[in-house]
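None of the values given here were measured: they were computed from a predicted structure.
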Amino acid sequence: MVHSPLISARGISYVYPDGSMGVQDVSIEIFRGERVGIVGPNGSGKSTLIFLLSGLLKPTKGEVRIFGLTPDKKNFESIRRKIGVVFQNPDDFLFNPTVRDELLYVPRQLEINEEKMRQLLLEYSEMFDLKEILHKPPFRLSGGEKKKVEIASVLIYRPEVIFLDEPTANVDGKTKRMVAEMMRKYEGTVVITSHELEIIKRLCNRVVLMSKGRIVEDTTINTLDERMFEEIGVV
Amino acid sequence: MVHSPLISARGISYVYPDGSMGVQDVSIEIFRGERVGIVGPNGSGKSTLIFLLSGLLKPTKGEVRIFGLTPDKKNFESIRRKIGVVFQNPDDFLFNPTVRDELLYVPRQLEINEEKMRQLLLEYSEMFDLKEILHKPPFRLSGGEKKKVEIASVLIYRPEVIFLDEPTANVDGKTKRMVAEMMRKYEGTVVITSHELEIIKRLCNRVVLMSKGRIVEDTTINTLDERMFEEIGVV
Amino acid sequence: MHIPDGYLDLSIAGLFFVLTLAVLGYSIFKLRGAKLTSLFGVLSAAIFAAQMLNWPIPGGTSAHFVGGSLAGILLGPYAGSLAMAIVLTIQTLVFNDGGITAWGANVWNMAIVNVFVGYYIYQTFSKFSRSFSAFLAGWLGITIAAIFAGLEIGLSTSFAYGLSITIPVMGIWHAVLGIIEGIITAGVVSYIATRRADLLEKKEVGKASFVLIAGLIALSPVFAYLAEEVGYSEPLENAAEMLGLEENPIYESIFPDYTIPGLDPYTGTLISGAIGVLIVLLLAYAVKYARSSRKDT
Amino acid sequence: MHVVLEKTLKNASSYFQNFFIHDYSSNGAIHLIDARIKLLSTIVFVILAISTFEFDKLSFLLFSLILISAILGLSLKRLFSRVWLFSIFSFLVVSPLLIQDLKYPFLFTLRVTVAIIAVQMLVMSTSFAEICSALRSLKVPEIFIHGLWLAYRYILVVFQDIISILLARESRRVAKGSHADLWRKGGESVGLFFLRSIERAERVQLAMASRGERVIQSKFKFGLLEIIYITLSAFVALWCIVL
Ligand SMILES: Nc1ncnc2c1ncn2[C@@H]1O[C@H](COP(=O)(O)OP(=O)(O)OP(=O)(O)O)[C@@H](O)[C@H]1O
Ligand SMILES: Nc1ncnc2c1ncn2[C@@H]1O[C@H](COP(=O)(O)OP(=O)(O)OP(=O)(O)O)[C@@H](O)[C@H]1O
Ligand SMILES: [Mg+2]
Ligand SMILES: [Mg+2]
């Protein structure tokens with residue numbers, strides 16, 4: 001059982017309710033401790049794949065297994081506890097009345113004690129430079145501030161698997177470096193999409209290339225053939 | 001009159017309705033044909049400044065003059081015709097039922113003839129690779145597709161001054177190159193914010209550095225002192 | 001409580017069209033020069049969303065959140081009634097939720113009665129307690145609007161139930177469900193009050209306007225009763241009569257000399273019906289082929 | 001409970017989204033006809049339907065409308081899927097009266113059904129922008145048209161927001177949570193959602209300002225297609241009256 005994958009998808013497709021093809025016949029296995037970078041041009045299905053692999057969307061065809069389980073009502077909470085997802089669009093993600101509530105949304109559900117909670121809040125708001133905006137509602141922040149709050153409120157509960165969809169869009173250099181640093185040190189499993197190849201190269205040991213809803217390449221970072229990127233339009 | 005600025009702001013401040021400071025005591029002049037890059041860490045007031053300089057927000061203190069005029073009800077349309085703004089968040093920008101309507105929103109108001117309109121649509125949807133999504137509602141697109149639609153629907157009416165707020169966030173390499181190329185060829189005046197310094201260095205001849213709502217540096221690209229960037233957290 | 005097409009007599013539907021256009025026209029006149037704000041757009045959209053979740057109730061039409069009082073409180077009675085009228089128009093023209101001929105009555109109930117009643121209740125009692133008055137406005141506003149709806153369908157002879165059934169059914173159901181309406185109204189109003197009090201500034205309405213609109217609302221049932229008394233329930237027959245066709249059924253005018261023994265009026269109607277359908281078929285194909293006369297864009 | 005509630009909401013709003021961008025992208029002959037003319041003929045059909053209880057007239061209307069829809073390029077399957085529920089509902093409402101009059105409930109349902117079909121023919125073949133400009137050329141006041149257009153666009157935004165918020169909540173729901181919690185949080189969520197929508201809308205307003213706010217008027221189309229459609233509608237009306 002050592003080598004059974006954490007997350008596996010076999011032949012999954014997702015068609016959006018309006019008939020648009022999200023991903024098409026994708027198979028992938030993700031193992032503990034891997035750092036997977038998903039790259040591909042706009043609209044190639046990266047975000048859709050993340051929603052599928054994290055169990056938030058149900059594939060319209062095929063099956064996803066997470067920790068060996070098919071996600072359903074019964075195991076929903078326990079899966080969610082272990083999987084964190086940073087959405088591409090922070091506006092889709094942030095819904096609490098203040099930044100503080102946003103950060104503590106999951107810790108409060110886990111009924112962590114007050115003291116520990118205060119400490120977590122302090123640590124993360126310092127790290128992401130959010131102290132001055134803790135009292136503000138998230139929809140009144142700047143683009144990058146929103147993204148920072150989003151990343152912080154996922155990292156704060158240290159899920160085993162983290163999906164990061166474009167974590168560095170709209171954020172400033174300092175935060176980018178900080179996020180990269182944190183992810184490098186992270187012991188869990190990490191899946192990242194990004195249009196900044198620098199980030200992928202720095203953080204990932206495996207690269208998945210998508211195009212038109214399909215995986216067209218899945219390889220280690222060392223054997224990566226960059227000509228393909230250019231062809232598809234990633235760089 | 002040759003050297004009167006297109007846009008000028010003297011000592012403007014903007015305080016958001018909830019009391020947050022957007023920008024503080026900023027003065028800047030923008031001349032015809034300039035390519036201005038605005039950089040600064042998250043929350044430093046770049047987006048707010050763009051809204052002010054383009055006349056969309058009224059400063060709470062000080063005055064902005066655009067083409068020598070103070071924006072008011074009477075000159076509103078003529079100013080809007082000449083100034084295009086690409087918002088940082090495409091969700092705040094796109095409001096038409098389909099991508100096609102989005103692209104043609106301004107051309108239709110300008111009562112361009114049918115033939116010309118079809119041609120424009122073809123040209124821009126080809127350039128930005130939007131042909132397959134012309135019939136889709138913009139809110140059902142991927143993050144980068146939204147951004148592309150947004151940029152295309154501003155460039156399509158060729159305003160004299162273009163403000164681009166983070167044009168390259170979430171977009172793929174091919175589009176980035178294409179946008180950069182278009183902007184380089186553009187004869188009008190361009191103001192860009194970006195957290196990717198590459199873009200700024202490639203496109204701009206003047207750089208404005210912001211921090212905490214103020215302009216802390218305003219210089220040509222050649223005399224730029226990059227140490228300052230690091231200090232403030234831009235890189 | 002959206003009344004569909006076919007539940008109201010034409011006379012009643014017509015009367016409420018007139019009344020509604022009068023009050024709505026007056027509201028638009030009062031709003032001249034004003035710009036519609038984003039609050040207006042969002043409120044319409046939110047009310048639209050809330051009204052989507054509706055469930056049928058027996059002996060009446062259906063029940064759901066209406067939002068008229070909320071619109072009145074947040075936008076003032078004139079813009080509020082305009083917003084509600086817009087919501088109802090979109091529902092009619094995009095979802096067919098509420099009939100086209102019943103548009104007048106629906107707007108009257110939900111966009112005029114509900115908005116104005118809700119607004120005045122709120123203004124009268126908000127001195128004492130903001131959330132209680134908002135609750136009262138939401139609850140009574142929808143109940144009174146529902147009673148009007150019951151009255152309109154009850155007076156109509158097309159809808160075979162009488163007032164003694166429709167008014168209690170609509171009124172009582174909505175008085176019960178209206179409690180939820182009241183709670184939501186109060187919740188939203190007090191939340192907005194703490195975060196964006198600027199949205200709740202008092203919107204003044206002149207005394208004369210108040211008396212005028214209150215008078216119209218109060219008298220509308222009487223008008224409806226009178227309209228039903230003078231109105232006729234079978235206008236098509238009258239139209240046919242005017243055209244002089246009533247005594248001369250169509251199959252006879254088509255086949256004047258062609259009298260087959262045993263061709264009873266029923267078969268006659270059937271034949272003329274079939275001929276009509278045949279002509280419709282031909283004309284429809286003509287439209288279809290005329291299509292090629294137009295370039296696709 | 002709140003799982004059920006959220007599920008319902010989510011289904012409702014995604015259902016709604018698909019419903020809303022209806023099939024006017026498909027290109028039948030009826031889609032090409034000028035919206036004004038469709039609007040007026042719809043009103044005529046509805047008035048015809050609701051001003052009679054005669055079986056002959058109603059069934060003639062029903063047949064004619066279905067024929068027209070089928071020939072001019074509407075999917076009958078879609079048409080019926082939008083009609084049947086309400087027809088059944090109407091029948092149920094008046095079914096107690098079966099005891100007094102066997103015919104009445106059926107005729108009543110029939111006329112309601114015909115009226116709905118007439119309206120659906122318009123709805124399924126006309127985009128909302130076209131409806132707005134049709135209303136404008138029928139002299140509906142500008143502020144009303146503007147409001148219609150504004151509301152229509154915000155509806156799209158608001159519904160997209162509901163869906164994404166629900167997904168976001170789900171992505172971080174790591175414990176079941178109690179019912180009391182739901183009610184406590186529920187009120188707050190509604191208020192917050194509302195506030196957020198308003199401020200989002202204020203920014204969208206900026207976007208509209210930056211690109212002009214004129215409601216687009218689609219061109220008045222009047223050609224052979226319209227003339228024959230008018231003839232067709234007029235014939236249906238006339239035949240219905242004399243039948
Ligand atoms: N809500 C939606 N409804 C319908 N279609 C959608 C929706 N979201 C995305 N799509 C479509 O699904 C396809 C894949 O989208 P996805 O968001 O997964 O792309 P992506 O690889 O993440 O792109 P990006 O780099 O721009 O973020 C695209 O063609 C897109 O238009
Ligand atoms: N709608 C709003 N309401 C209240 N405060 C706001 C709002 N939008 C921005 N702010 C605040 O104004 C300040 C400047 O924000 P702005 O969006 O201009 O930053 P920015 O430089 O564009 O940042 P980024 O790089 O993240 O886009 C920030 O402190 C932010 O919190
Ligand atoms: Mg994506
Ligand atoms: Mg910004």
Side-chain angles (χ1 to χ4, degrees), chain A residues 16-22 39-48 87-92 128-130 132-133 135-137 139-149 165-166 168-178 193-198 211-212 229-235, chain B residues 16-22 39-48 87-92 128-130 132-133 135-137 139-149 165-166 168-178 193-198 211-212 229-235:
Chain A
Y16 280 95
D18 68 346
S20 310
M21 181 56 71
V39 293
N42 292 140
S44 56
K46 304 182 295 298
S47 303
T48 312
F87 290 21
Q88 182 168 12
N89 183 354
D91 280 320
D92 289 348
F128 284 86
D129 215 1
L130 303 173
E132 276 161 39
I133 54 171
H135 65 283
K136 284 184 77 167
F139 56 82
R140 288 192 189 143
L141 301 178
S142 85
E145 283 169 344
K146 283 180 194 166
K147 196 87 205 191
K148 292 204 288 189
V149 172
D165 200 352
E166 292 288 337
T168 58
N170 292 313
V171 305
D172 59 25
K174 189 178 152 199
T175 314
K176 270 182 211 177
R177 262 186 290 127
M178 198 263 298
T193 82
S194 180
H195 290 290
E196 297 182 55
L197 283 184
E198 285 314 304
S211 172
K212 301 193 177 147
F229 281 9
E230 187 134 359
E231 233 166 76
I232 292 183
V234 181
V235 290
Chain B
Y16 279 95
D18 69 347
S20 309
M21 181 56 72
V39 295
N42 292 140
S44 55
K46 303 181 292 299
S47 302
T48 313
F87 289 24
Q88 181 167 13
N89 184 351
D91 281 322
D92 289 346
F128 283 87
D129 216 0
L130 305 174
E132 275 161 40
I133 53 172
H135 66 280
K136 286 183 76 166
F139 54 82
R140 288 203 193 132
L141 302 177
S142 82
E145 285 169 342
K146 283 182 195 167
K147 196 86 205 189
K148 291 203 288 189
V149 173
D165 201 350
E166 292 287 341
T168 58
N170 292 314
V171 304
D172 58 26
K174 190 179 150 202
T175 313
K176 269 183 213 177
R177 262 185 293 128
M178 200 264 297
T193 80
S194 181
H195 290 291
E196 296 183 54
L197 283 184
E198 284 315 304
S211 171
K212 299 194 177 142
F229 281 8
E230 186 135 2
E231 231 166 73
I232 292 182
V234 181
V235 290

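- Both the backbone and the side chain of A:Asn170 come within contact range of chain B, each with at least one heavy atom under 4.5 Å from a heavy atom of that chain.
- Heavy-atom distances place the side chain of A:Thr175, and not its backbone, under 4.5 Å from chain B.
- Comment: B:Lys176 engages B:Glu196 in a salt bridge, judged by a side-chain N to carboxylate O separation of less than 4.0 angstrom.
- Between chain A and the residues B:Ser44, B:Gly45, B:Ser47, B:Gly144, the most heavy-atom pairs under 4.5 angstrom are made by B:Gly144.
- The residue among B:Glu166, B:Lys148, B:Gln88 with the most heavy atom pairs within less than 4.5 Å of chain A is B:Gln88.
- For the set A:Arg177, A:Lys147, A:Glu132, the entry with the most heavy-atom pairs within less than 4.5 Å of chain B is A:Arg177.
- Ranked by heavy-atom pairs shorter than 4.5 Å toward chain B, the options A:Asp91, A:Thr48, A:Asn42 are led by A:Asn42.
- Chain B forms the most heavy-atom pairs under 4.5 Å with one residue out of A:Gly40, A:Ser142, A:Gly43, and that residue is A:Gly43.
- For a residue to count as touching a neighbouring chain, one of its non-hydrogen atoms must lie under 4.5 Å from one of that chain's; by this rule A:Lys46 does not touch chain B.
- In plain terms, the two heavy atoms of B:Val39 and B:Ser194 that are nearest each other are CG1-O, 3.8 Å.
- Side-chain N/O atoms of B:Lys136 and A:Ser20 include a donor and acceptor closer than 3.5 Å.
- Under the rule for a ring pair (Phe, Tyr, Trp, His ring centres under 6.0 Å), B:Phe128 has no partner lying at least two apart in sequence or in another chain.
- Between B:Phe87 and B:Asp92, some side-chain heavy-atom pair lies under the 4.5 Å cut-off.
- Here the closest non-hydrogen pair linking A:Leu141 and A:Lys146 is O-CE, 3.5 Å.
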